[in-house]
**Q** 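Just passing along the structure, written as structure tokens.
Excluded from the calculations below are hydrogen atoms, water molecules and symmetry mates; all remaining heavy atoms, backbone and side chain alike, are included. The chains referred to below are lettered A, B, ... by the order of the sequence lines, with proteins before strands, and numbering in each begins at 1.
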There are 2 protein chains.
Amino acid sequence: MLTDRQRQTLNFIRSYLGENGYAPKLKEIADHLGITSRGTVHRYIRALEDGGHITVMRDHARGIKLKDTEPERPDSPEDEAALPLLGRIAAGLPIEAIEHNETINLNDFFVRPGRFVLRVQGDSMIEDGIFDGDMVIVESSSTARDNEIVVALIDREEATLKRLQNHGDGSITLMPANASMQPFRYSAERVQIQGIVVGQFRTYQ
Amino acid sequence: MLTDRQRQTLNFIRSYLGENGYAPKLKEIADHLGITSRGTVHRYIRALEDGGHITVMRDHARGIKLKDTEPERPDSPEDEAALPLLGRIAAGLPIEAIEHNETINLNDFFVRPGRFVLRVQGDSMIEDGIFDGDMVIVESSSTARDNEIVVALIDREEATLKRLQNHGDGSITLMPANASMQPFRYSAERVQIQGIVVGQFRTYQ
DNA sequence: TTCACATGTTCTCACTCTGTTCTCTAGAAG
DNA sequence: CTTCTAGAGAACAGAGTGAGAACATGTGAA
């Protein structure tokens, strides 16, 4: 369990190492944290070492090394989840004529920790091809970039699906994709991002 | 049974953990809930712990952990394909307010023998929400019922995606969902059904 | 080599931050 | 009425933080 300061220290060490190829000294870490005490920094270093995040060559300047972190996904052999991807339609060929080496795995496409599915109600994004009753796959996030489709909560009450426009002046606009609806501009405090739409799907019949 | 506030708290902890990899502090939860009292938040935390949803390291900042009733890293491949289905958007509720016992398994939705995926080229079905570049899941079939969206081969040459209208008199019409395109009526011999569209999906970013 | 200085290490003290416990008030439901 | 839930906020304890002194060790220049 890292404290905030320990995590900030670890992140700084990582980025410093990535940038320079060698570790920072305690004074540099202290400067980055906005403090003056090397002793305090040393306490963080010690905690990170105890936690197994780094190793330290004792009494050596810049003697910090990163430990290798655990592998992301060791192995996942679910070929059963794959569908053959046959190619583009309207290519002027019968389906049978298309060679299908490629397969598509819906898990790889969509399923990640921190994601969830919402069923869409309403027509506010109909011009972006998101229809009433469709499912959207949403990645949990409290921030979003300009022009992403987001699930937003307005005044902590109303959840909507809209495209985000951040004006950078403390106000944002939520743009529907429906000519019969109006974009609305809100002060940033009133709008709470709940997630970013990363996918959409629908079944027929 | 959780109260609304307890569920909102639990879901916020989940999404915060998913986003950051560490738990929020009481103050952050309070901010998210729109209240100022850490004491009140603590009451929710205690209730969630009693209910077996989380465990808490006492007297430690960010000391909340999820119980494995919610697999953060699922081990079985079946579970891996499941995404929580949170509910309908625009229902006037924050996402966190929705209880999610339900999960959705994309494999169950889409993956079956005899199905394949096509990437759509062209805008012929745009008014049905199938855009250029979207993927459609097609069930192999040489027959289709009236009004289904089919992959059809015309004169054994050109494959298209259209909605089927069977007139029962030896002729059929392939209806595009695009006001700028014309429906075409063919004698049944000229049109060969290759499959029925059973699903559609798309990724953003 | 020697030596001054830089750097890492250990420690304590004062202080802040966070979680915890408690009481009080208010409203809703039965 | 009672009971439940919610929110505010005071008070407290323990964990975490920062400063700085004192010392140990390593480094680089003369």
**Q** Would you kindly give the CZ-to-P distance between A:Arg5 and D:dA15, to the nearest whole Å?
**A**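 That distance rounds to 20 Å.
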**Q** Indicate, with a heavy-atom threshold strictly under 4.0 Å, whether A:Thr40 touches base, sugar-phosphate, or nothing.
**A**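 Contact class for A:Thr40: base.
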**Q** Return the 5'-most residue of the pair A:Ile45, A:Asp4 with respect to DNA chain C, ranking by each residue's nearest nucleotide.
**A**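 Nearest-nucleotide comparison on DNA chain C picks A:Ile45.
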**Q** What contact category does B:Arg43 fall into here, base, sugar-phosphate, or nothing, at under 4.0 angstrom with non-hydrogen atoms?
**A**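 Base contact - B:Arg43 has a heavy atom under 4.0 Å of at least one base atom.
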**Q** Assign each of A:Arg38 and B:Asp59 to its nearest nucleotide of DNA chain D by heavy atoms, then name whichever residue's nucleotide is nearer the 5' end.
**A**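 So the residue in question is B:Asp59.
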**Q** Have A:Glu28 and A:Tyr16 got a donor and an acceptor in their side chains that come within less than 3.5 Å?
**A**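 Yes, A:Tyr16 and A:Glu28 have a side-chain donor paired with an acceptor closer than 3.5 Å.
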**Q** Rounded to whole Å, how long is the line connecting atom OH of B:Tyr44 with atom P of C:dG19?
**A**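 Spelled out: OH on B:Tyr44 to P on C:dG19 is 16 Å.
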**Q** Do A:Ser141 side-chain atoms and A:Gln194 backbone N/O form a donor-acceptor pair below 3.5 Å?
**A**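 Side chain of A:Ser141 to backbone of A:Gln194, a donor-acceptor pair under 3.5 Å: no, none is there.
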**Q** In terms of side-chain heavy atoms, does B:Gln6 have a donor or acceptor partner in B:His53 at a distance below 3.5 Å?
**A**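 No, no side-chain donor-acceptor contact under 3.5 Å.
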**Q** Starting from P on C:dT18, measure out to CD1 on B:Ile29 and report it in whole angstrom.
**A**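 For the pair B:Ile29 CD1 and C:dT18 P, the rounded distance is 13 Å.
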**Q** Distance check needed: C:dT9 P versus A:Met57 CE, whole Å only.
**A**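 Between P of C:dT9 and CE of A:Met57: 10 Å.
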**Q** So, do B:Asp123 and B:Ile130 sit near enough that their side-chain heavy atoms are less than 4.5 Å apart?
**A**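 No, side chains not in contact.
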**Q** When all nucleic acid strands are considered with a 4.0 Å heavy-atom cut-off, which category describes B:Ile35: base, sugar-phosphate, or nothing?
**A**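 Answer is sugar-phosphate: B:Ile35 comes under 4.0 Å of backbone atoms only.
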**Q** When the distance from CZ of B:Arg7 to P of D:dT5 is rounded to whole Å, what number comes out?
**A**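 From B:Arg7 CZ to D:dT5 P: 13 Å.
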**Q** Any base atoms under 4.0 Å from A:Gly63, or only sugar-phosphate, or nothing? Heavy atoms, all strands.
**A**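 Nothing, no nucleic acid heavy atom in range.
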**Q** Roughly, in whole Å, what's the span from CZ in B:Arg62 to C1' in C:dT18?
**A**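 Result: 10 Å.
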**Q** Using whole Å, what does the distance between atom C1' of nucleotide C:dG19 and atom CD1 of B:Ile13 come to?
**A**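 Answer to the nearest Å: 13 Å.
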**Q** Supply the atom-to-atom distance B:Arg119 CZ to B:Asp132 CG, rounded to the nearest 0.5 angstrom.
**A**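 Rounded to the nearest 0.5 Å, the CZ-CG separation comes out at 9.5 Å.
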**Q** Answer yes or no: does a side-chain N or O of B:His42 lie under 4.0 Å from OP1 or OP2 of C:dC22?
**A**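 Checking B:His42 against C:dC22: no side-chain N or O falls below 4.0 Å of OP1 or OP2.
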**Q** Any N or O donor-acceptor pair linking the side chain of B:Ser37 to the base of D:dG9 at under 3.5 Å?
**A**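 When only heavy-atom distances are counted, B:Ser37 does reach the base of D:dG9 through a donor-acceptor pair under 3.5 Å.
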**Q** How close or far is atom P of D:dG16 from atom CG of A:Asp50, stated in whole angstroms?
**A**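 After rounding, the reported distance stands at 13 Å.
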**Q** Pick the nucleotide of DNA chain D nearest each of A:Met1 and A:Thr36; which residue has the one closer to the 5' end?
**A**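 Nearest-nucleotide comparison on DNA chain D picks A:Met1.
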